[in-house]
Amino acid sequence: MLDINFIRDHTERVKKGMLNKGEKSTDIVDKVLVKDEEWRKLVTEVGQLRADSNSRAKEIGALMGKGKKDEAQKIINETGQTKEKIKELEELLDQLAVERDSLLYQIPNVPDDSVPVGATENDNEVISEWGEKVQKEWFKPHWELASDKKWIDFERGSKVTGAGFPFYVGNMARLQRALINFFLNEAVKNGFTEIQAPYFVNEDSARGTGQIPDKEDMMYTMPRDGFFAIPTAEVPVTNFHRDEIFELDNLPVYYTAYTPCWRREAGSYGADVRGLNRLHQFDKVELVKFVHPDHSDRELESLKEYAESLLEKLGLPFRTLLMCTGDMGFTQTKKYDLEVWSPGQKRWLEVSSCSNFGSFQARRMQLRFRNENGKNEIMHTLNGSGLALPRVVAAIIETYQTEAGDMKVPEVLVPFMDAEKI
RNA sequence: GGAGAGAUGGCUGAGUGGUCGAAAGCGCUCCCCUGCUAAGGGAGUAUACUUCAAAAGGGUAUCGAGGGUUCGAAUCCCUCUCUCUCCGCCA
């Protein structure tokens with residue numbers, strides 16, 4: 001959520017950001033300012049009433065102490081209406097705060113100035129491309145190879161759980177494990193602390209990173225226990241430090257975590273969802289950064305560059321996109337997507353998304369640090385995939401396939417696989 | 001799952017209805033003393049919101065969370081959460 005004071009001071013900028021992100025109307029900004037105005041007026045009023053009431057109570061206490069019960073009783077008799085009035089206004093105050101906050105939650109983060117203004121994915125900017133796209137006539141899509149080799153069992157996955165929950169079998173299970181190890185090792189080498197996180201989170205955590213109320217439908221829920229299956233490790237890892245205050249010297253903090261991710265993907269259909277392109281359960285190594293607000297810009301750049309280095313090491317051609325305002329999402333100030341080339345499908349597949357959230361997530365989570373002046377200040381958070389497995393696996397299968405129907409193992413994975421070909 | 005104990009400021013820990021936002025100690029910051037080290041003396045040291053042009057200063061709230069009783073709650077009552085101990089179960 002945005003800082004209400006920021007909205008008050010930069011109203012036009014907030015509105016412009018909303019429109020650029022594709023919101024139809026900015027009425028909500030005006031509404032929230034009105035609510036805030038009412039709330040602040042009332043807070044002062046209630047404060048005064050409570051001050052009166054407190055000073056009376058002190059007087060009574062003093063009189064009682066001296067044994068002057070009659071005088072005390074006199075004052076007690078006067079307090080009746082004030083008490084009722086306070087109660088009444090307190091209820092109104094709570095209600096106003098709830099209304100103000102629920103409006104506040106609906107205002108998206110303001111895009112950074114460097115983000116191109118645009119409405120759809122067509123307005124995203126391709127900022128770099130790496131690798132040579134090799135194309136052979138006999139190239140097959142990964143699902144054909146995977147089924148020939150019995151590497152991925154979609155049918156049994158459907159039987160046991162449902163569509164989008166495949167089994168990985170034999171060498172493919174091994175390839176997945178190799179990738180997870182490779183990604184985690186690389187991250188640790190680059191200063192990220194590895195952590196293992198819970199796979200379920202509670203409602204507060206889901207709210208902290210912004211899945212609630214915006215993207216509730218993306219998550220699987222366990223109503224009996226009040227848990228959500230994590231749609232990404234970002235949720236538990238960012239919430240790891242919820243409500244904490246960091247010492248200045250301890251920033252930045254980097255984490256990496258491997259977890260499965262569960263997404264309902266309601267409404268998805270068509271050719272996009274074939275094979276490994278879109279699953280309900282998939283594996284991902286996530287990267288999360290907690291940083292000083294002055295550094296989040298450059299931290300995003302280094303995060304993106306790190307994610308790119310993984311694809312380079314795997315020898316997979318890819319391109320990097322700077323997402324336009326309309327395609328970047330509610331909570332981000334700036335976002336890069338990495339797309340790997342899928343030669344079997346002849347299309348780009350998103351495998352990483354690196355985002356700067358500014359203070360948007362941190363404010364909800366009360367994630368603060370003690371700044372240069374000894375004051376508590378909201379920090380900035382970032383995250384990125386490093387990387388999501390299924391589409392990387394798809395690209396590896398397709399890129400490294402041989403005419404005989406085998407697959408060469410990418411060089412960096414050979415030590416993890418104990419095999420050069422599968 | 002059963003039984004019991006507990007949750008107070010950065011930490012330890014006092015406080016069972018009336019100047020308690022909270023004793024004391026530790027830690028931390030500043031100052032003084034001391035030619036090193038050690039020790040000693042003094043002052044300060046929570047957060048959020050609000051008021052104010054700003055600072056200073058006010059005000060309000062916060063003793064796990066939420067509700068209640070009362071003129072007044074850290075203190076009494078109810079609900080919840082978490083932690084610890086014992087028993088049971090268990091990878």
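In what follows, chains are A, B, ... by sequence order, proteins preceding strands, each numbered from 1.
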S.K.: Taking B:rA7 as the reference, what is the distance to B:rG59 when you measure between their P atoms (whole Å, please)?
M.R.: 31 Å
S.K.: Who is the Watson-Crick or G-U wobble partner of B:rC36, with both distances under 3.5 Å?
M.R.: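 Pairing partner, where one exists within any strand: none, as none qualifies.
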S.K.: Rounding to the closest angstrom, what is the interatomic distance between B:rU8 and B:rA23 at atom C1'?
M.R.: 12 Å
S.K.: B:rU29 C1' sits how many Å from A:E372 CD, rounded?
M.R.: 18 Å
S.K.: Going by purine N1 to pyrimidine N3 plus the second Watson-Crick contact, or the G-U wobble pair, all under 3.5 Å, which nucleotide sits opposite B:rA74?
M.R.: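 Its partner is none (no Watson-Crick or G-U wobble pair with both distances under 3.5 Å).
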S.K.: Listing request: all side-chain hydrogen bond (donor to acceptor under 3.5 Å, both in side chains) pairs with a residue in residues 11-24 of chain A, at least two apart in sequence or in separate chains.
M.R.: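 Every side-chain hydrogen bond (donor to acceptor under 3.5 Å, both in side chains) pair that includes a residue of residues 11-24 of chain A, provided the two are not neighbours, is A:K15-A:D30.
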S.K.: What integer number of Å spans the C1' atoms of B:rG21 and B:rG15?
M.R.: 13 Å
S.K.: Once you apply the 3.5 Å cut-off to both distances, tell me the Watson-Crick or G-U wobble partner of B:rG4, or none.
M.R.: B:rC84
S.K.: Which base, if any, makes a Watson-Crick or G-U wobble pair with B:rU29, both distances under 3.5 Å?
M.R.: B:rA43
S.K.: Roughly how far apart, to the nearest Å, are B:rG25 and B:rC77 at atom P?
M.R.: 32 Å
S.K.: Got a sec, which residues hit side chain to side chain donor-acceptor pair (under 3.5 Å) with A:R100, two or more places apart in sequence or on another chain?
M.R.: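 For A:R100, no residue satisfies side chain to side chain donor-acceptor pair (under 3.5 Å) once neighbours in sequence are set aside.
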S.K.: Is B:rC90 paired to anything, Watson-Crick or G-U wobble with both distances less than 3.5 Å, and if yes, which nucleotide?
M.R.: none
S.K.: Considering only NZ, NE, NH1 and NH2 on the basic side and carboxylate oxygens on the acidic side, decide whether A:D327 and A:K335 come within less than 4.0 Å.
M.R.: no
S.K.: Taking only Lys NZ, Arg NE, NH1 and NH2, and the carboxylate oxygens of Asp or Glu, determine whether A:K334 and A:D297 approach each other closer than 4.0 Å.
M.R.: no
S.K.: Identify, with sequence neighbours excluded, every residue that meets side-chain contact (heavy atoms from CB on, under 4.5 Å) alongside A:L145.
M.R.: A:K140, A:I397, A:Q401
S.K.: Expressed as a whole number of Å, how far does the P atom of B:rU34 sit from that of B:rU19?
M.R.: 43 Å
S.K.: Provide, to the nearest angstrom, the distance between the CD atom belonging to A:Q73 and the C1' atom belonging to B:rG72.
M.R.: 13 Å
S.K.: When you compare the protein's N or O atoms with those of nucleotides 69-71 of chain B, which come within less than 3.5 Å of each other, and at what distance?
M.R.:
none

S.K.: Check residues 225-238 of chain A and write down every donor-acceptor pair under 3.5 Å in which the side-chain atom is one partner and the other belongs to a residue at least two apart or another chain.
M.R.:
from, atom 1, to, atom 2, distance (Å)
A:T232, OG1, A:E234, N, 3.0
A:T232, OG1, A:K284, NZ, 2.8
A:E234, OE1, A:N383, ND2, 3.2
A:E234, OE2, A:Q361, NE2, 2.8
A:E234, OE2, A:N383, ND2, 3.3
A:T238, OG1, A:E234, O, 2.6

S.K.: For B:rA5 and B:rA91, measure between their P atoms and round to the nearest Å.
M.R.: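 Roughly 32 Å separates the two P atoms.
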S.K.: Report, as a single string ordered 5' to 3', how protein heavy atoms within less than 4.0 Å touch nucleotides 47-61 of chain B: B base, S sugar-phosphate only, - not at all.
M.R.: SSSSS-------SSS
S.K.: Could you tell me which nucleotide pairs with B:rG21 by Watson-Crick or G-U wobble geometry, both distances under 3.5 Å, or answer none if nothing does?
M.R.: none
S.K.: Distance-only criterion, 3.5 Å: show the donor-acceptor pairs between side-chain atoms of residues 188-201 of chain A and protein atoms not counting sequence neighbours.
M.R.:
from, atom 1, to, atom 2, distance (Å)
A:K189, NZ, A:E186, OE2, 3.1
A:N190, ND2, A:E186, O, 2.8

S.K.: Does B:rU60 have a Watson-Crick or wobble partner in any strand here, with both distances under 3.5 angstrom, and which is it?
M.R.: B:rA48
S.K.: Would you call A:E37 and A:K41 a salt bridge, using N to O less than 4.0 angstrom?
M.R.: no
S.K.: Identify every side-chain donor-acceptor pair in residues 248-257 of chain A under 3.5 Å, counting partners at least two apart or on other chains, and give the distances.
M.R.:
from, atom 1, to, atom 2, distance (Å)
A:Y254, OH, A:E299, OE1, 2.7
A:Y254, OH, A:E299, OE2, 3.1
A:Y255, OH, A:H241, NE2, 2.7
A:T256, OG1, A:E286, O, 3.1

S.K.: Rounding to a whole Å, what distance do you find between A:L93:CG and B:rU62:P?
M.R.: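 In whole Å, B:rU62 P lies 13 Å from A:L93 CG.
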S.K.: Which pairs count as side-chain hydrogen bond (donor to acceptor under 3.5 Å, both in side chains) when at least one residue sits in residues 46-65 of chain A, sequence neighbours excluded?
M.R.: A:R50-A:E90
S.K.: Between B:rU62 and B:rU81, how many Å separate the two P atoms, rounded to a whole number?
M.R.: 23 Å
S.K.: Can you tell me, in whole Å, how much space there is between the P of B:rC63 and that of B:rG9?
M.R.: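 Roughly 10 Å separates the two P atoms.
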